[in-house]
Amino acid sequence: MGQFHATTIFAIHHKGNCAMAGDGQVTLGNSVVMKHTARKVRRLYQGKVLAGFAGSVADAFTLFEMFEAKLNEYNGNLQRAAVEVAKQWRGDKMLRQLEALLLVMDKNTLLLISGTGEVIEPDDGILAIGSGGNYALAAGRALKRHSGEHLTAKEIAEAALTVAADICVYTNHNIIVEALEE
């Protein structure tokens, strides 16, 4: 079996709202699309938190479960749950083998969590991960900067993913967008 990889996840805080978008493609190796409709963005903690993953699907499910357990343990405190997941992920010999990244957000905070112990909050309220992440990030920043007065967070997220899908062979146009609005 080859390695499952690739995706694009984009998240944004904009004008008091936030949205996260992800595509549905799962690729085996460099030549076979195995699935077009994977759901890589989820609502957690009574629908108050959005989480998305890039990387190995099985590894991501493990991380979703860990993160959701920490969210429940810390009563929805996103930052505390993220730090605890990163510590556990980095400190456990078996978990260190997981190949995935998580983006998590609530109405106030957006974070990237990695297996190296990183918990990163962006300066501009925008993050993207996965093979099409840089394309989506560039598109999202441009949209926010030049059309942000007219677009919602959800519209920017969907448009950024569409740009990434147009360019990245590991990202498709089956886009799921979840939003948390005031």
Side-chain angles (χ1 to χ4, degrees), residues 5-27 36-45 47-55 60 63-64 67 71 76-83 85-86 100-182:
H5 68 102
T7 198
T8 303
I9 304 294
F10 174 88
I12 183 170
H13 275 122
H14 178 61
K15 296 192 319 190
N17 295 312
C18 58
M20 185 178 292
D23 76 307
Q25 184 167 306
V26 176
T27 308
H36 299 279
T37 59
R39 188 167 183 88
K40 302 170 193 171
V41 174
R42 303 219 169 143
R43 286 181 176 272
L44 303 174
Y45 196 71
K48 297 176 185 174
V49 172
L50 300 178
F53 74 87
L63 293 169
F64 272 148
F67 182 70
L71 267 177
N77 184 326
L78 187 79
Q79 290 180 315
R80 179 77 188 272
V83 167
V85 165
L101 291 172
L102 289 179
L103 286 186
V104 297
M105 71 187 322
D106 61 16
K107 287 186 178 185
N108 303 310
T109 307
L110 169 60
L111 301 169
L112 167 80
I113 308 170
S114 79
T116 59
E118 300 293 336
V119 177
I120 300 169
E121 184 173 15
D123 291 331
D124 61 358
I126 301 175
L127 281 173
I129 56 175
S131 41
N134 287 334
Y135 306 122
L137 183 64
R141 283 183 175 162
L143 286 164
K144 183 175 180 177
R145 187 172 300 139
H146 298 290
S147 300
E149 292 301 315
H150 307 292
L151 297 175
T152 66
K154 190 172 184 176
E155 290 168 332
I156 292 172
E158 185 168 5
L161 246 290
T162 299
V163 168
D166 287 344
I167 298 169
C168 178
V169 297
Y170 297 111
T171 304
N172 71 12
H173 286 90
N174 185 16
I175 298 168
I176 300 291
V177 183
E178 293 284 353
L180 300 174
E181 299 172 349
E182 290 182 309

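Just so it is clear, the model here is predicted, and its values are computed rather than measured.
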Output the distance between atom [atom1] ([X]) and atom [atom2] ([Y]), rounded to the nearest 0.5 Å.
X      : Y      : atom1 : atom2 : answer
Thr152 : Asn17  : OG1   : CG    : 7.5 Å
Ile129 : Leu101 : CD1   : CG    : 5.0 Å
Leu180 : Asn108 : CG    : CG    : 10.0 Å
His14  : Leu151 : NE2   : CG    : 6.5 Å
Ile113 : Phe53  : CD1   : CZ    : 14.0 Å
Ile120 : Leu112 : CD1   : CG    : 5.0 Å

Open item on the list: Restricting to side chain to side chain contact (heavy atoms under 4.5 Å, CB included), what partner residues turn up for Asn134, sequence neighbours left out?
Closed with: none
Locate the shortest heavy-atom distance separating [X] from [Y]; write the atom from each residue and the value.
X      : Y      : value
Phe67  : Ala82  : CE1-N, 3.9 Å
Ala128 : Gly133 : CB-O, 3.2 Å
Ala21  : Ala157 : CB-O, 3.7 Å
Ala139 : Ala160 : CB-CA, 4.0 Å
Val26  : Ala38  : CG2-CB, 3.6 Å
Ala11  : Leu110 : CB-CD1, 3.5 Å

Task: From Leu44, Val83, Val104, residue fulfilling side-chain contact (heavy atoms from CB on, under 4.5 Å) relative to Leu78 - done: Val104
Task: From Ile126, Val177, Ile12, Leu161, residue fulfilling side-chain contact (heavy atoms from CB on, under 4.5 Å) relative to Ile156 - done: Ile12
Counting distance only, does the side-chain N/O of [X] pair as donor-acceptor with the main-chain N or O of [Y] below 3.5 Å?
X      : Y      : answer
Asn174 : His36  : yes
Lys40  : Gln25  : yes
Asn172 : Gly24  : yes
His13  : Met105 : no
Arg42  : Val49  : no

TODO: Go through the steps to decide whether His173 and Asp23 satisfy the test side-chain contact (heavy atoms from CB on, under 4.5 Å), and finish with yes or no.
DONE: CA-CA 6 Å; His173 286 90; Asp23 76 307; over 6 Å; no
Open item on the list: Suppose the criterion is salt bridge (Lys or Arg N to Asp or Glu O under 4.0 Å): which pairs have a residue in residues 132-160, not counting sequence neighbours?
Closed with: Asp124-Arg141
TODO: Give the C-alpha distance, both sets of side-chain angles, the deciding distance and a yes or no for side-chain contact (heavy atoms from CB on, under 4.5 Å) between Met20 and Ile9.
DONE: CA-CA 7 Å; Met20 185 178 292; Ile9 304 294; 3.9 Å; yes
- [ ] Check the surroundings of atom CZ in Phe64: do more than 12 heavy atoms from other residues, nucleotides or ligands lie under 6.0 Å from it?
- [x] yes
TODO: Start with the C-alpha gap between Tyr135 and Thr8, add the side-chain angles, then the distance that decides, and say whether side-chain contact (heavy atoms from CB on, under 4.5 Å) holds.
DONE: CA-CA 9 Å; Tyr135 306 122; Thr8 303; over 6 Å; no
- [ ] Please assess Gln79 against Leu111 for the test side-chain contact (heavy atoms from CB on, under 4.5 Å), listing each intermediate value before the final yes or no.
- [x] CA-CA 8 Å; Gln79 290 180 315; Leu111 301 169; 4.1 Å; yes
